[in-house]
There are 2 protein chains.
Amino acid sequence: MAQAKTDDTSSKRAPERHKRGLIDATLDLISEIGIPDTTVSLIIERAGVSRGMIHLHFGSKDKLLIAAIRAFCEDYDAVLERVLEDVEQNPVERVMALIRADLGEALLNERSARIWHAFRGVANPSPDLKRYCGTRDGRARDVMKDAFVTLARQDHAQDGDMLVRDATFGTLALLEGMYVDYLSNTQSFSRRDAERIIRRFIAGLFPDHF
Amino acid sequence: MAQAKTDDTSSKRAPERHKRGLIDATLDLISEIGIPDTTVSLIIERAGVSRGMIHLHFGSKDKLLIAAIRAFCEDYDAVLERVLEDVEQNPVERVMALIRADLGEALLNERSARIWHAFRGVANPSPDLKRYCGTRDGRARDVMKDAFVTLARQDHAQDGDMLVRDATFGTLALLEGMYVDYLSNTQSFSRRDAERIIRRFIAGLFPDHF
DNA sequence: ATACATAATGGACGCACGTCCATTAGTGAC
DNA sequence: GTCACTAATGGACGTGCGTCCATTATGTAT
């Protein structure tokens, strides 16, 4: 058996590296000039590869786009996962850590916010893309819901189900709204303000904990 | 002086009617197949006019796009304005009327949500479009802020400025988030739940009024 | 009636797009 | 060193785009 398939940087034949290069170039261009203007010629120029590579590795430009958003979402999830590993079990801290991570520069920056919006904008007509865009699914939602369930039980809250649902759904909606506002108003956007507002929302539902 | 310039439907020469027809066709197509696939050929076919009309009336396809989003936003604002005229002066009722209007079928439906997202997605690279997309400007924000100012004064709240800012900003962010969620999950989206969640957020900040 | 102004037409044009494939270059096996 | 295999190249191809303009149709003023 030959040595591992991982691409050493010196090799001129490195399909995985080239695939990743094409995906990164695509994401960069989308964040800079938008999806409609992101052409095959610009992508290959940015990635520094030849014209046939997209067809060779992805089959078509559309499939490259799908691979790009998939990779983008996987990176996003990976960052969240890493945050959740490091944080303690206290549900209040877990929720706030999630929010802080979502609002931090690693996840909420101009590039990523633009990419999110660009994909959202074209996702509806295309089910292949829509699959990757849900807010309601995914780790973040589950972790948050679990934390709120714990708190609702501690409080012996009546109608705890609705409380948990409202808290989870509302927090995610607030985070979504913050992303939109970040893009509309990047320079005056305040991560501190955003975090405080979300905290105030949760504090209204769980006054004893936040 | 001849009769009014308003287009009677029988006339074959009706520039204003044709302009509006092109704009409506453009918005329809954007909501159905997205901006990248909305071509000149499809627009004129949908509008039932000839190929040269876009160049004649708007100068180019790009300018038609800008005119379309402008018209879309004006319609949106007009609906809000009409709601605000009918509602009483009580600040609590004004805020809730605004929220209810924003979540109502007239403003939040599949077509409009898709159009919003499509334009948001391409707006960042294009300042001409970005101008029309802000959440933080506009009537809705001002009306909401005024209402919260009134309430904060009644409560003699300390740090009322921050309270008002957080309430305004947070409510708008929640509404934005609801729009995103509506699109991601149209069939299971509940306007009632959305309204209740936003109300709970505001109630946390103004417990004596909501 | 006639002339004038302009709304509207639709085909032609050049260009840039995404796709594809015959060819070349690089890599590991024998 | 040779062979076999596959990654990578880059130009050619056809398609469909947006733009434009010479022409026609329509309504208005004289």
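Since this is a predicted model, take the numbers as computed values, not measurements. Computed from heavy atoms alone, side chains included, the values below leave out hydrogens, waters and symmetry copies.
Within the structure, a side-chain polar atom (N or O) of A:H18 is placed less than 4.0 Å from OP1 or OP2 of D:dA8. Of the side-chain N and O atoms in B:S41, none sit less than 4.0 angstrom from OP1 or OP2 of D:dG18. Look at A:S50 and you won't find any side-chain N or O under 4.0 angstrom from OP1 or OP2 of D:dA8.
Here the P atom of nucleotide C:dC17 and the CD1 atom of A:I43 are 11 Å apart, to the nearest Å.
When only modelled atom types and interatomic distance are considered, A:R51 and A:S41 share a side-chain donor-acceptor pair under 3.5 Å.
You'll find that the side chain of A:A14 is closest to D:dA8, out of D:dA7, C:dG18, D:dA8. Between C:dA7, D:dA8, D:dG18, one nucleotide has an atom nearer to the side chain of B:P15 than all others, and that is C:dA7. Taking only side-chain atoms of A:H55, from C-beta outward, the nucleotide of C:dA7, C:dC20, D:dT19 with the closest atom is C:dC20. Distances from the side chain of A:S60 to the nucleotides C:dT19, D:dT19, D:dT6 place C:dT19 closest.
Heavy atoms from other residues, nucleotides or ligands lying under 6.0 Å from CG of B:D161 number 12 at most.
Under a 4.0 Å N-O distance rule, the pair A:D24/A:R46 does not qualify as a salt bridge.
No contact: A:I54 has no heavy atom under 4.0 Å from any strand.
In terms of heavy atoms, A:N109 sits closest to A:A106 at ND2-O, 3.4 Å.
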